[in-house]
Protein chains: 2
Amino acid sequence: MTEVKSRAERKEHTRQKLLDVTLKLIGQRSLASISLREVARDAGIVPTAFYRHFESMDALGVELVDESMRPLRQMIRDARRGVASHGDIIKGTVEVLGIQVRQNPDQFRFLSRERYGGVRSVRRAIETELRLFTSELSVDLARLTAGFDWTSDDLEMTADLMVAAMLASVMDLLEVDARHPGDERAILERSEKQLRLIALGMAGWRSKP
Amino acid sequence: MTEVKSRAERKEHTRQKLLDVTLKLIGQRSLASISLREVARDAGIVPTAFYRHFESMDALGVELVDESMRPLRQMIRDARRGVASHGDIIKGTVEVLGIQVRQNPDQFRFLSRERYGGVRSVRRAIETELRLFTSELSVDLARLTAGFDWTSDDLEMTADLMVAAMLASVMDLLEVDARHPGDERAILERSEKQLRLIALGMAGWRSKP
DNA sequence: GAGTTCGGTGTACAGCTGTTCACTGGAACT
DNA sequence: AGTTCCAGTGAACAGCTGTACACCGAACTC
């Protein structure tokens, strides 16, 4: 049994429940079509109590972006650790990607649903975080291309392409969950090939100053 | 003045108006958050008359996919014609992409919004059309790689990567409309570089049987 | 121990939603 | 000319929505 005592703890608890419940609901519909009352109901509180935590559903959505980005950030860390131990960067990265998506489907679904689909504020929050993700990756790429005088612009461009490719795979992964697990492997293998193709392109690339 | 006479013509006219109005509304919000009454109101029709044309908003959405795919199909044709005359495939393709997005922003916005965001039936309709688009592209790629014994699987994989890259650019293009037109050029140039990077990768690729 | 803070409650209201039903008036068919 | 068809009407419905308001009672502060 989890004993809850302090008022602040209780508040944090229901706040988290509101976020969790919304994430669950996002699994089937878009944020814009989820009502404040519905979220409150599923969280076991009265509608008006919702305002004790967020001033609107949009505000909750923005908070949810932070929450959902955590698995993505974890992904970077895992992937970097994987590089050190595993050897094959690409294989390791794709493996980590598959694991994270399988472990946090709701978070990834939320991000892909609302990235272009929803309210402006949520969209911008996601785009900002994703840009951060891309520039982190381009830092890693800079390390790999050290000595080949890549411009930072070309590094960004390449990182952007890789992120686009990986996100497309993520979305494909999310669409097949009900079907055979074989599809998952197929998608991950294709993703690996795509990244390998890009890496091959990088080998032949010459930055123009 | 456009004179309308026949009953069938009148019906087709309001039907088209319903589709147009919905497309306009999608510019700001997602399909799921647009109400039947709102669409009917903007089309100058009483809510119940809506059912004379579509059995639900979801059904209208599926029709809208067809409607919105037309610019994309046009894009393929233009791009192919551009290849014949222009010489540089990639430059021509990206040019066509920029033009089509600028000319049909609402259609592209609808597709990107609802591709992952909305109702299952609409999502599936878009995914189906996009798969068609990808396989068309892989046919073109097959022609370009003739003699290098690429497997059809690898052709699909590459086409998929290219489509993902181009769609990501489309979405970026849609997000900047209010800002300076310089951003548009920057996005298109990055897109061109990305496709060139992939092409470079293709040159070094060896299909494994 | 008295007083304050504050998550959560319950009621209430105006406004919107999808869908029903019986209807109308003019084009289309015979 | 008489009849049928049918896109569009208008009123009515039950149900949902966000939000305002006064209130409670337990955890906190002093």
Side-chain angles (χ1 to χ4, degrees), chain A residues 1-22 24-26 28-64 67 114 117-122, chain B residues 1-22 24-26 28-64 67 114 117-122:
Chain A
M1 293 298 158
T2 50
E3 301 268 327
V4 186
K5 280 187 257 184
S6 117
R7 183 152 69 185
E9 277 176 315
R10 282 183 182 277
K11 176 162 186 180
E12 179 54 30
H13 182 256
T14 68
R15 184 193 138 96
Q16 195 56 48
K17 191 148 197 173
L18 285 170
L19 289 167
D20 289 351
V21 158
T22 306
K24 284 275 179 302
L25 288 171
I26 291 269
Q28 287 131 15
R29 326 207 292 291
S30 69
L31 186 66
S33 67
I34 294 173
S35 73
L36 181 153
R37 289 181 102 103
E38 205 172 357
V39 172
R41 198 180 310 130
D42 286 17
I45 61 175
V46 102
T48 49
F50 178 94
Y51 296 103
R52 303 286 182 202
H53 304 275
F54 306 98
E55 75 166 349
S56 69
M57 279 297 291
D58 290 7
L60 182 148
V62 173
E63 297 281 311
L64 213 47
E67 176 104 342
E114 303 302 322
V119 200
R120 178 175 294 272
S121 57
V122 174
Chain B
M1 293 298 155
T2 50
E3 302 268 327
V4 185
K5 279 187 257 187
S6 119
R7 183 152 68 182
E9 278 177 313
R10 284 183 181 278
K11 175 162 185 178
E12 179 54 29
H13 181 257
T14 66
R15 185 194 137 95
Q16 195 57 48
K17 191 148 199 176
L18 286 169
L19 289 167
D20 289 350
V21 159
T22 307
K24 285 273 180 302
L25 287 172
I26 291 269
Q28 288 132 14
R29 326 205 293 290
S30 69
L31 186 66
S33 68
I34 294 173
S35 72
L36 182 155
R37 288 181 103 105
E38 205 173 357
V39 172
R41 199 181 309 131
D42 286 17
I45 259 180
V46 102
T48 51
F50 178 94
Y51 295 102
R52 302 289 181 199
H53 304 276
F54 306 98
E55 75 167 348
S56 68
M57 279 297 291
D58 290 5
L60 182 146
V62 173
E63 298 280 310
L64 214 47
E67 175 106 342
E114 303 302 323
V119 200
R120 178 174 293 270
S121 57
V122 174

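What you see is a predicted model, and the numbers here were worked out from it, not measured in a lab. Note on naming: letters A, B, ... go to the chains in the order of the sequence lines (proteins, then strands), and numbering restarts at 1 for each one. Worth knowing before you read on, the calculation uses all heavy atoms, side chains too, and leaves out hydrogens, waters and symmetry mates.
B/L18 places its CG atom 12 Å from the C1' atom of D/dG8, with the value rounded to the nearest Å. In this structure, B/H53 atom NE2 and C/dG18 atom P are separated by 16 Å, rounded to whole Å. Whole-Å rounding puts the B/F50 CZ to C/dT19 C1' distance at 12 Å. Whole-Å rounding puts the A/L60 CG to D/dG18 C1' distance at 15 Å. In this structure, the CZ atom of B/R41 is 11 Å from the C1' atom of C/dG15, given to the nearest Å. Atom CD in A/E55 sits about 14 Å away from atom C1' in D/dG18, given to the nearest Å. Taking atom CG of residue B/L36 and atom C1' of nucleotide D/dC16, one finds them 16 Å apart after rounding to whole Å. Separating the CD atom of B/E12 from the C1' atom of D/dG8 is a distance of 16 Å, rounded to the nearest angstrom.
Between A/H13 and C/dG7, a side-chain N or O to OP1/OP2 separation shorter than 4.0 Å is absent. For A/R37, no side-chain nitrogen or oxygen approaches OP1 or OP2 of C/dC16 to under 4.0 Å.
Checked options B/D42, B/V21, B/V39; the residue passing with B/I34 is B/V39 (criterion: side chain to side chain contact (heavy atoms under 4.5 Å, CB included)).
Checking A/G44 against B/E38, the closest nucleotide of DNA chain C that is more toward the 5' end is the one next to A/G44. Nearest-nucleotide assignment on DNA chain C puts the 5′-proximal partner with B/M57, out of B/M57 and B/A8. Both B/T14 and B/R7 lie close to DNA chain D; mapped to their nearest nucleotides by heavy-atom distance, the more 5′-ward contact belongs to B/R7.
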Determine, stepwise, if the pair B/L60 / B/L64 fulfils side chain to side chain contact (heavy atoms under 4.5 Å, CB included).
CA-CA 6 Å; B/L60 182 146; B/L64 214 47; 4.2 Å; yes
Carefully, step by step, assess B/L19 and B/F54 under the rule side chain to side chain contact (heavy atoms under 4.5 Å, CB included).
CA-CA 10 Å; B/L19 289 167; B/F54 306 98; 4.0 Å; yes
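At a threshold of 4.5 Å between non-hydrogen side-chain atoms, the residues A/T22 and A/M57 count as touching. For the pair B/K11 and B/H53, the minimum side-chain heavy-atom distance is below 4.5 Å.
Of the candidates C/dT9, C/dT19, C/dG8, the closest approach to any side-chain atom of A/V46 belongs to C/dT9. Residue B/A49 has its side chain nearest to D/dT9 when only D/dT9, D/dA7, C/dG18 are considered.
Scanning atom types as modelled, one donor and one acceptor separated by under 3.5 angstrom connect the side chain of A/T48 and the base of C/dG10. Contact of A/R52 with C/dG8 (side chain to base): a donor-acceptor pair of N or O atoms is detected under 3.5 Å.
B/S56 comes within 4.0 angstrom of nothing in the nucleic acid, heavy atoms only. At a threshold of 4.0 angstrom between heavy atoms, the contacts of B/R15 with the nucleic acid are absent.
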